[in-house]
A.B. asks: 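Below is the structure I would like to discuss, written out as structure tokens.
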Amino acid sequence: MEQLLRAELRTATLRAFGSPGAGCISEGQAYHTDAGPIFVKVNRRTQARLMFEGERASLEALQTTGSVRVPRPIKVIDLPGGGAAFVMEYLKMRSLRSQASKLGDQMADLHLYNQKLKDKLKAEENTVGGRPEGSEPQYVSKFGFHTVTCCGFIPQWLCWVWAVSAAAAAALTLIAQVNEWQDDWPTFFARHRLQAQLDLIEKDYADREARELWSQLQVKIPGLFCGLEIVPALLHGDLWSGNVAEDDSGPIVYDPASFYGHSEFEMAIALMFGGFPSSFFTAYHRKIPKAPGFDKRLLLYQLFNYLNHWNHFGRQYRSPSLGTMRKLLK
């Protein structure tokens, strides 16, 4: 590994420091190099490059907005024998505490970024001469993303079970390319987030109750969005407490699975699995107030996260998944 990193990064210095990290999905190690400290994530699964390329694209998109601080992505490297390594800027991070309010403020700015581009575009269209050619950045009018992203190790472009045969995987590839651009958010979310997760559950568990509850719920989803104008917002995509931190300069977010979606989607997982300090939500909603029906839609978005955890970690997430579906049907 170290020989490969030296060659790919063209560095004479490569000295590991800190303790190796092992998460649920990938391993990590920090190194000193000629160009400064780096952090390297390693995953030896066949589709690791797919996952890391999506993470790199997400970090680049978030960085472009200037709204939130993320580790600077450097390079994705194929590993001999399979898998990949993702090299990024090393940031000395600690748990989010004192910077929670600032992060809430910054996440609101991120979610409003595309709306401001829309407003600017509209103003320019009403101006003599119109919009200057080639000006950047551009307003994104649809829901989705330009490349594959993964929330954990399930790609958000297809319904793929990693342990199945190549033939079965090829068949599943045809089911749901769920980061493809869509005009309508409720359709995008129901088909390309919830349905994709439930397809995996059907294959692995053939859970009759999940199937029956979903058949009732999916027809009710459009009604949760009546009267809302949803402008696509660039999302982190996996904003739970384990993917945020701070240093002396302010808050940091990492491990994104970005796409353009409804800003409320981001708040669902932020309230789950440990949650964020209340100051985060106070600052966020100061800029983006809760719209009518927010709490019910929050349940819908939390359902996605419970289903995703069911697919990743097993049946212990069956009860909260089905319980959330029942609440939504009341």
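Nothing fancy with the numbering, it's 1 onward along the sequence.
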A.B. asks: Rounded to the nearest 0.5 Å, what's the gap from NE2 on His236 to OG on Ser58? Could you check?
C.D. replies: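 Here the interatomic distance stands at 8.0 Å.
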
A.B. asks: Ala61 and Phe145: which non-hydrogen atoms are nearest, and at how many Å?
C.D. replies: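 Taking Ala61 first and Phe145 second, the nearest heavy atoms are CB-CZ, 4.1 Å.
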
A.B. asks: Determine all donor-acceptor pairs shorter than 3.5 Å in which one atom belongs to a side chain in residues 78-85; sequence neighbours excluded.
C.D. replies:
{"residue": "Asp78", "atom": "OD1", "partner": "Arg49", "partner atom": "NE", "Å": "2.8"}
{"residue": "Asp78", "atom": "OD2", "partner": "Arg49", "partner atom": "NE", "Å": "3.4"}

A.B. asks: Would you say that more than 12 heavy atoms from the other residues, nucleotides or ligands in this model lie under 6.0 Å from the CD of Gln316, or not?
C.D. replies: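 Buried by this count: over 12 neighbours within 6.0 Å.
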
A.B. asks: Compare all side-chain heavy atoms of Glu53 with those of Val148 and state whether any distance is below 4.5 angstrom.
C.D. replies: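 The answer is no, as the side chains (C-beta and beyond) never meet within the 4.5 Å cut-off.
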
A.B. asks: Do Phe86 and Leu59 have side chains that get closer than 4.5 Å, going by heavy atoms?
C.D. replies: yes

A.B. asks: Whether the side chain of Asn114 engages the backbone of Pro232 through a donor-acceptor N/O pair (distance < 3.5 Å, no angle test) should be reported.
C.D. replies: yes

A.B. asks: Keeping the roles fixed (side chain from Arg297, backbone from Pro292), state whether a donor-acceptor pair exists under 3.5 Å.
C.D. replies: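 At least one qualifying donor-acceptor pair exists.
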
A.B. asks: Kindly state each residue pair satisfying side-chain hydrogen bond (donor to acceptor under 3.5 Å, both in side chains) with at least one member in residues 321-330, sequence neighbours excluded.
C.D. replies: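 Pairs touching residues 321-330 that pass the test: Glu209-Arg326.
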
A.B. asks: Within the distance-only criterion (no hydrogens, no angle test), does the side chain of Ser101 pair as donor or acceptor with the backbone N or O of Thr282 below 3.5 angstrom?
C.D. replies: no

A.B. asks: Which distance, rounded to the nearest 0.5 Å, do you find between the CZ of Arg15 and the OH of Tyr31?
C.D. replies: 12.5 Å

A.B. asks: For the residue pair Ser249 and Arg69, what are the closest heavy atoms and their distance?
C.D. replies: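 Nearest heavy atoms, Ser249 then Arg69: CB-NH1, 3.4 Å.
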
A.B. asks: Taking Tyr301 as the starting point, is it possible to reach Met272 by hopping between hydrophobic residues whose side chains are less than 4.5 Å apart?
C.D. replies: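 Yes, one cluster joins them.
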
A.B. asks: Looking at every heavy atom in both Ala257 and Cys150, which two are closest together, and how far apart are they?
C.D. replies: CB-O, 3.2 Å

A.B. asks: Are any of the side-chain nitrogens in Arg94 or Asp248 under 4.0 Å away from the carboxylate oxygens of its partner?
C.D. replies: yes

A.B. asks: Can you check whether Tyr90 and Phe17 have ring centres sitting under 6.0 Å from each other?
C.D. replies: yes

A.B. asks: Describe, in one word, how the ring planes of Trp240 and Phe273 are oriented to each other, choosing from parallel (under 30°), tilted (30 to 60°) and perpendicular (over 60°).
C.D. replies: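 Taking Phe273 first and then Trp240, their aromatic rings stand perpendicular (interplane angle over 60°).
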
A.B. asks: Is the backbone of Lys142 close enough, under 3.5 Å, to the side chain of Gln182 for a donor and an acceptor to pair up by distance?
C.D. replies: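 Here the side-chain-to-backbone pair does not exist.
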
A.B. asks: Do Tyr254 and Met88 have side-chain heavy atoms sitting under 4.5 Å apart?
C.D. replies: no

A.B. asks: Quick check on the hydrophobic clustering: are Tyr306 and Leu213 connected, directly or via other members, by side-chain heavy-atom contacts under 4.5 Å?
C.D. replies: yes

A.B. asks: Going by the rule side-chain hydrogen bond (donor to acceptor under 3.5 Å, both in side chains), which residues pair with Tyr284 if we only count those two or more places apart in sequence or in a different chain?
C.D. replies: His111

A.B. asks: Starting from the C-alpha separation in whole Å, work towards a yes-or-no answer on side-chain contact (heavy atoms from CB on, under 4.5 Å) for Tyr317 and His312.
C.D. replies: CA-CA 9 Å; Tyr317 287 97; His312 273 91; over 6 Å; no

A.B. asks: Would you confirm whether Asp105, through its side chain, and Ala283, through its main-chain N or O, come within 3.5 Å as a donor-acceptor pair?
C.D. replies: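 No.
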
A.B. asks: Any chance you could lay out the side-chain contact (heavy atoms from CB on, under 4.5 Å) test for Leu300 and Phe189, step after step, and finish with the verdict?
C.D. replies: CA-CA 10 Å; Leu300 185 70; Phe189 182 70; 3.7 Å; yes

A.B. asks: Hey, is Lys102 close enough to Glu246 for a salt bridge, meaning N to O under 4.0 Å?
C.D. replies: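 No salt bridge links Lys102 with Glu246.
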
A.B. asks: So does Trp310 get a backbone contact from the side chain of Arg318, meaning a donor-acceptor N/O pair under 3.5 Å?
C.D. replies: no

A.B. asks: What I want to find out is whether Lys122 reaches Glu125 closely enough, with some N-O distance under 4.0 Å, to be called a salt bridge.
C.D. replies: no

A.B. asks: To the nearest 0.5 Å, what is the distance between OG (Ser258) and CG (Leu234)?
C.D. replies: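 Ser258 atom OG to Leu234 atom CG measures 5.0 Å (nearest 0.5 Å).
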
A.B. asks: Would Arg193 pass as a cation-pi partner of Phe259, given that its NZ or CZ must be under 6.0 Å from the six-membered ring centre and within 45 degrees of the axis?
C.D. replies: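 Pair Arg193/Phe259 counts as cation-pi.
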
A.B. asks: Is it the case that the ring center of Phe143 lies less than 6.0 angstrom away from the ring center of His192?
C.D. replies: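 No, ring centres 6.0 Å or more apart.
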
A.B. asks: Could you tell me the separation between the CD atom of Glu264 and the CG atom of Asp295, rounded to the nearest 0.5 Å?
C.D. replies: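 Here the interatomic distance stands at 9.5 Å.
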
A.B. asks: Does any part of the side chain of Val87, heavy atoms only, come nearer than 4.5 Å to the side chain of Glu8, both counted from C-beta?
C.D. replies: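 Side chain of Glu8 against side chain of Val87, heavy atoms only: no contact under 4.5 Å found.
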
A.B. asks: Establish whether Met93 and Ile74 are linked, either directly or via other cluster members, by ILVMFWY side-chain heavy-atom contacts under 4.5 Å.
C.D. replies: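 Met93 does not cluster with Ile74.
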
A.B. asks: Do the non-hydrogen side-chain atoms of Gln99 and Leu103 ever get within less than 4.5 Å of each other?
C.D. replies: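 Gln99 does not reach Leu103 side chain to side chain.
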
A.B. asks: If you count heavy atoms of other groups shown closer than 6.0 angstrom to NZ of Lys92, is the number above 12?
C.D. replies: no

A.B. asks: Would you kindly confirm whether Val68 and Ile288 end up in one hydrophobic cluster when ILVMFWY residues are joined by side chain heavy atoms under 4.5 Å apart?
C.D. replies: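 Yes; tracing contacts between hydrophobic side chains, which count when under 4.5 Å, links both residues.
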
A.B. asks: Any side-chain heavy atom of Lys41 within less than 4.5 Å of one from Glu55?
C.D. replies: yes

A.B. asks: Report yes or no: do Leu329 and Phe225 belong to one cluster of Ile/Leu/Val/Met/Phe/Trp/Tyr joined by side chain heavy-atom distances under 4.5 Å?
C.D. replies: yes

A.B. asks: Hey, what do you get for CG (Leu198) to CG (Leu307), rounding to the nearest 0.5 Å?
C.D. replies: 5.0 Å

A.B. asks: Report the distance from atom OG1 of Thr149 to atom CG of Leu235, rounding to the nearest 0.5 Å.
C.D. replies: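 The distance works out to 10.0 Å.
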
A.B. asks: For Asn311, is there any backbone N or O sitting under 3.5 Å from a side-chain donor or acceptor partner on Asp204?
C.D. replies: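 Judged by distance alone, no pair lies under 3.5 Å.
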
A.B. asks: Any side-chain heavy atom of Phe188 within less than 4.5 Å of one from Trp185?
C.D. replies: yes

A.B. asks: Would Phe294 and Leu298 count as a side-chain contact (heavy atoms from CB on, under 4.5 Å) if you check the C-alpha gap in whole Å, the side-chain angles of each, and the deciding distance to 0.1 Å?
C.D. replies: CA-CA 6 Å; Phe294 174 89; Leu298 197 71; 3.9 Å; yes

A.B. asks: For Gln195 and Arg191, work out which heavy atoms get closest and say how close.
C.D. replies: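 In this case the closest contact between Gln195 and Arg191 is CB-O, 3.1 Å.
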
A.B. asks: Checking Asp247 side chain against Gly250 main chain: does a donor-acceptor pair fall under 3.5 Å?
C.D. replies: yes

A.B. asks: If you compare all heavy atoms of Asp207 against all heavy atoms of Leu322, which two are closest, and at what distance to 0.1 Å?
C.D. replies: OD1-CD1, 4.3 Å

A.B. asks: Taking all non-hydrogen atoms of both residues, which atom of Asn305 and which atom of Ala268 are closest, and how far apart?
C.D. replies: ND2-CB, 4.2 Å

A.B. asks: Evaluate the side-chain proximity of Val244 to Pro251: yes if any heavy-atom separation is below 4.5 Å, no if none is.
C.D. replies: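 They are not in side-chain contact.
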
A.B. asks: Begin with the C-alpha distance, continue with both residues' side-chain angles, and end with the deciding distance and a verdict on side-chain contact (heavy atoms from CB on, under 4.5 Å) for Met325 and Leu303.
C.D. replies: CA-CA 7 Å; Met325 293 172 85; Leu303 174 60; 3.5 Å; yes

